[in-house]
Amino acid sequence: MDKSKIRDIKLSHSGNLQIEWASKHMPVLNLIQKRFTREKPLKGFTLGACLHVTKETGVLIETFLSGGAKVGLCGSNPLSTQDDVAAALAKKGANVYAWRGQNTEEYYWCVEKVLDLKPSITLDDGADLVSTLHNRRKEALSKIKGGTEETTTGVLRLRAMEKDRALKYPIIAVNDAYTKYLFDNRYGTGQSTLDGIVRATNILFAGKNLVVSGYGWCGKGVAMRAQGMGANVIVTEVNPLRALEASMNGFRVMTIMEASEIGDIFITVTGDTSVIRREHMEKMKDGTIMANSGHFNVEIDQKGLSEICVKKRNIRPNLDEYTLKNGRKLYLLAEGRLVNLAAAEGHPSEVMDMSFANQALCVEHIAKNKKLEFKVYGVPKQIDEQIASLKLASMNIKIDILTREQKSYLTSWETGTI
Ligand SMILES: NC(=O)c1ccc[n+]([C@@H]2O[C@H](COP(=O)([O-])OP(=O)(O)OC[C@H]3O[C@@H](n4cnc5c(N)ncnc54)[C@H](O)[C@@H]3O)[C@@H](O)[C@H]2O)c1
């Protein structure tokens, strides 16, 4: 505990209650935690984690501590740390370097503190830990056996490192498990992004033109949930297949320039940079709200916004008003950072149950496996399927089992039209 740097240790009681509440909705991770407590598969390992410090991450860190690991934790976004959870984890014995509202220098100081612990396995959400290791802390690389990556943007960065032969240890792309992206990215981001916007603004979605930029797994979830709340959803895309899919799912598809003139609310979820730029903001209606739910705060061009703005006011937490030279007022939520984590609590525990079950089992896989190369691996299929089965069982859902005849039919080629 004395090795941690957090907001206030006195918040630990509240943090414990939050972690307990999350844990009640994370049955799969609970089962893994029970087994880890018995088997101690992580004894002797130091884990270095750069993850959003939420109540669900609290349950994951408890799981690692139960498994015998020493844990260092920093936040993966300057605005997403839940200070009470950070305090509770510090008290439980993790080395926590995280508080809400960091500047960039403080953020990377925390990343470096985790690396000072000389981790043997890393867990990342956005690849900041991995890139710091490869750029500034090369001396710590030799101690590392492997790592995991939680999100799409991190996996993209790691695959680029792999392509350049710059990656110096194996990573498992947790994001790419079916039991991760089909649920966390889609239903988790879908619900929690709207939750963040509501908490920051308390606006009504019904009847509004809501523009979703990026129709990937997150964008599909946001568009689906916003439509369910009565918004007229418009999608902007750069990928023709995804644009076509959005169109056939019943959404209007157009360019961001066309959408700029009619949108009431804009949500970026692309993982790309400068999706909404100055020339788009200049066309926007008075009162337009902009939020980002992609990993980094680069999707809405804030430099461009400040260039065309004559006055900026904070209206309430996570809601800033920009008065433009043309007299119109635009509203930016959570400084353009992940709105679901900065203005709300991130994904609901039920989906993080599966994402973090993947994290726990992949960390165990790395701990036990000697022969991984310096590559980005997918999550082993048996881990993905095991998590899906356990989740279904926890929801009391039974499914059919293939008969012997069906198994043989599905694996043969002789039988056709009868
Ligand atoms: N908010 C959260 O809690 C959360 C959760 C999971 C993932 N993420 C992040 O959200 C982002 C998207 O993740 P995903 O899994 O949906 O990725 P994805 O690759 O499935 O989808 C991204 C989509 O954005 C599109 N796109 C790229 N540039 C664009 C542009 N300029 N204009 C319009 N569309 C564009 C791509 O064609 C693609 O269809 C990533 O940064 C990811 O790390 C956030």
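Note that ligands are numbered from 1 as they come in the structure, with each ligand's atoms numbered from 1 the same way. What's counted below: heavy atoms across the whole structure, side chains too, no hydrogens, waters or symmetry copies.
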(request) Kindly determine whether Lys92 and Glu62 satisfy side chain to side chain contact (heavy atoms under 4.5 Å, CB included), including the steps that lead there. (result) CA-CA 8 Å; Lys92 285 175 196 290; Glu62 275 185 334; 2.9 Å; yes
(request) Below 4.0 angstrom from a heavy atom of Gly271, which ligand 1 atoms are there? Numbered from 1 as shown, please. (result) 11 (C), 40 (C), 41 (O)
(request) Flag Asp272 as yes when one of its N or O atoms lies below 3.5 Å from any N or O atom of ligand 1, and as no otherwise. (result) yes
(message) Just to confirm my output: which protein heavy-atom neighbour is closest to atom 39 (O) of ligand 1, and how far is it?
(response) Glu237 OE2, 2.5 Å
(message) For atom 16 (O) of ligand 1, what is the closest protein heavy atom, and at what distance to 0.1 Å?
(response) Cys218 N, 2.9 Å
(message) Applying the side chain to side chain donor-acceptor pair (under 3.5 Å) criterion to Lys180, which one of Thr152, Asn175, Asn358, Thr151 satisfies it?
(response) Asn175
(request) List the steps and the verdict of salt bridge (charged side-chain N to carboxylate O under 4.0 Å, His left out) for Lys303 and Glu307. (result) CA-CA 6 Å; Lys303 187 166 170 282; Glu307 282 163 10; 3.2 Å; yes
(message) Could you check whether Thr236 and Ser213, counting side-chain N and O atoms only, form a donor-acceptor pair closer than 3.5 Å?
(response) yes
(message) Please check whether Thr151 reaches ligand 1 - meaning an N/O of the residue sits under 3.5 Å from an N/O of the ligand, judged on distance alone.
(response) yes
(request) Measure the distance from atom 21 (O) of ligand 1 to every protein heavy atom, then report the residue, atom name and distance (to 0.1 Å) of the closest one. (result) Gly216 CA, 3.1 Å
(request) Tell me which protein heavy atom sits closest to atom 44 (C) of ligand 1, plus the residue, atom name and distance to 0.1 Å. (result) Ser293 O, 3.2 Å
(request) Going by heavy-atom distance to atom 33 (C) of ligand 1, choose the closest among Leu156, Thr236, Val155, Asn185. (result) Thr236
(request) State which residues pass side-chain hydrogen bond (donor to acceptor under 3.5 Å, both in side chains) with Arg137; sequence neighbours excluded, sorted by chain then number. (result) Glu112, Asp116, Glu139
(request) Write out the residue and atom name of the closest protein heavy atom to atom 14 (P) of ligand 1, then the distance separating them to 0.1 Å. (result) Thr152 OG1, 3.6 Å
(message) Below a 4.0 angstrom heavy-atom separation, can you tell me which part of Val238, side chain or backbone, both or neither, approaches ligand 1?
(response) both
(request) Decide whether an N or O pair under 3.5 Å exists between Asn340 and ligand 1. (result) yes
(request) Would you check whether Tyr181 reaches within less than 4.0 Å of ligand 1, judged by its heavy atoms? (result) no
(request) Tell me yes or no: between the side chains of Ser274 and Asp301, is some donor less than 3.5 Å from an acceptor? (result) no
(message) Regarding Glu150 and Gln359, do their side chains bring together a donor and an acceptor under 3.5 Å, going by distance alone?
(response) yes
(message) So Gln386 and Leu361, do their side chains get closer than 4.5 Å, heavy atoms only?
(response) yes
(message) According to side-chain hydrogen bond (donor to acceptor under 3.5 Å, both in side chains), who are the partners of Glu149, at least two apart in sequence or on a separate chain?
(response) none
(request) For residues Leu129 and Leu123, report the shortest heavy-atom separation together with the two atoms involved. (result) CD2-O, 3.9 Å
(request) For ligand 1, indicate whether the residue Arg242 contacts it via side chain, backbone, both or neither (heavy-atom separation under 4.0 Å). (result) side chain
(message) Can you confirm whether the side chains of Ser349 and His25 place a donor and an acceptor under 3.5 Å from each other?
(response) no
(request) Could you find the nearest protein heavy atom to atom 9 (C) of ligand 1 and give me its residue, atom name and distance? (result) His295 N, 3.7 Å
(request) Return a yes/no value for Lys180: is any of its N or O atoms, backbone included, closer than 3.5 angstrom to an N or O of ligand 1? (result) no
(message) Is it the case that ligand 1 has an N or O less than 3.5 angstrom from some N or O of Thr189?
(response) no
(request) Could you tell me whether Lys208 atom NZ has more than 12 heavy atoms of other residues or ligands within 6.0 Å of it? (result) yes
(request) Would you check if there is a donor-acceptor pair between the side chains of Lys70 and Asn95 at a distance under 3.5 Å? (result) no
(message) Please check whether Glu299 reaches ligand 1 - meaning an N/O of the residue sits under 3.5 Å from an N/O of the ligand, judged on distance alone.
(response) no
(request) May I ask you to identify the nearest protein heavy atom to atom 40 (C) of ligand 1, giving residue, atom name and distance to one decimal place in Å? (result) Thr153 OG1, 3.3 Å
(request) Could you tell me if any non-hydrogen atom of Lys220 lies under 4.0 Å from any atom of ligand 1? (result) no
(message) Tell me the protein heavy atom at minimum distance from atom 10 (O) of ligand 1, and give that distance in Å.
(response) Gly294 CA, 3.6 Å
(message) Could you tell me, atom by atom, which parts of ligand 1 come under 4.0 Å of a heavy atom of Trp217?
(response) 16 (O), 20 (O)
